[in-house]
*Asks:* 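Structure in structure tokens, see below.
Sequence positions, counted from 1, serve as the residue numbers for this chain.
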Amino acid sequence: MLNDQLEIYNSSLNNKLNDIIRVLTIFSVVFIPLTFLAGIYGTNFKYLPELGYRYAYPIFWLALVIVAVGMILFFKKRKWL
């Protein structure tokens, strides 16, 4: 009986850990592409076409929001979230 209770306790701990890992994975999957895009945008090259464009910064933020929302919607469609 004690062994069964110990297994139930371990099972509940594993379920909590799986939930935490799932949330951390979703955060990572959403923020890694955003970090990549910010790294590309933040390079210090002299001849980047978007540096002379007036609306480059708002378009960049719009692209980041679209990527993040798109990934979240994808996760919700697959019922992973």
*Asks:* Going by heavy atoms in the side chains, are S11 and N15 under 4.5 Å from each other?
*Replies:* yes
*Asks:* For residues S28 and P33, report the shortest heavy-atom separation together with the two atoms involved.
*Replies:* O-CD, 4.4 Å
*Asks:* Starting at CG of L17, measure out to CZ of R22 and round the result to the nearest 0.5 Å.
*Replies:* 12.0 Å
*Asks:* Is the shortest heavy-atom distance from the side chain of D19 to the side chain of K16 under 4.5 Å?
*Replies:* no
*Asks:* Return the CD1 to CD1 distance between I26 and I21, rounded to the nearest 0.5 Å.
*Replies:* 12.0 Å
*Asks:* Would you say V29 ends up clustered with L34 if hydrophobic residues are merged whenever their side chains have heavy atoms under 4.5 Å apart, either directly or through other cluster members?
*Replies:* yes
*Asks:* Rounded to the nearest 0.5 Å, how far does CH2 of W61 lie from CD1 of I66?
*Replies:* 13.5 Å
*Asks:* To the nearest 0.5 Å, what is the distance between CD1 on I8 and CG on N3?
*Replies:* 10.0 Å
*Asks:* Following the transitive rule for hydrophobic clusters with a side-chain heavy-atom cut-off under 4.5 Å over Ile, Leu, Val, Met, Phe, Trp and Tyr, establish whether L37 and V30 coincide in one cluster.
*Replies:* yes
*Asks:* Might you confirm whether atom CZ of F75 has over 12 heavy atoms from other residues, nucleotides or ligands at distances under 6.0 Å?
*Replies:* yes
*Asks:* State plainly whether one hydrophobic cluster holds both V65 and L73, where clusters connect Ile, Leu, Val, Met, Phe, Trp and Tyr through side-chain heavy atoms under 4.5 angstrom apart.
*Replies:* yes
*Asks:* May I ask you to decide if the ring planes of F31 and F27 are parallel, tilted or perpendicular, using 30° and 60° as cut-offs?
*Replies:* parallel
*Asks:* Mind checking the NZ-CD1 spacing from K77 to I72? Nearest 0.5 Å is all I need.
*Replies:* 16.0 Å
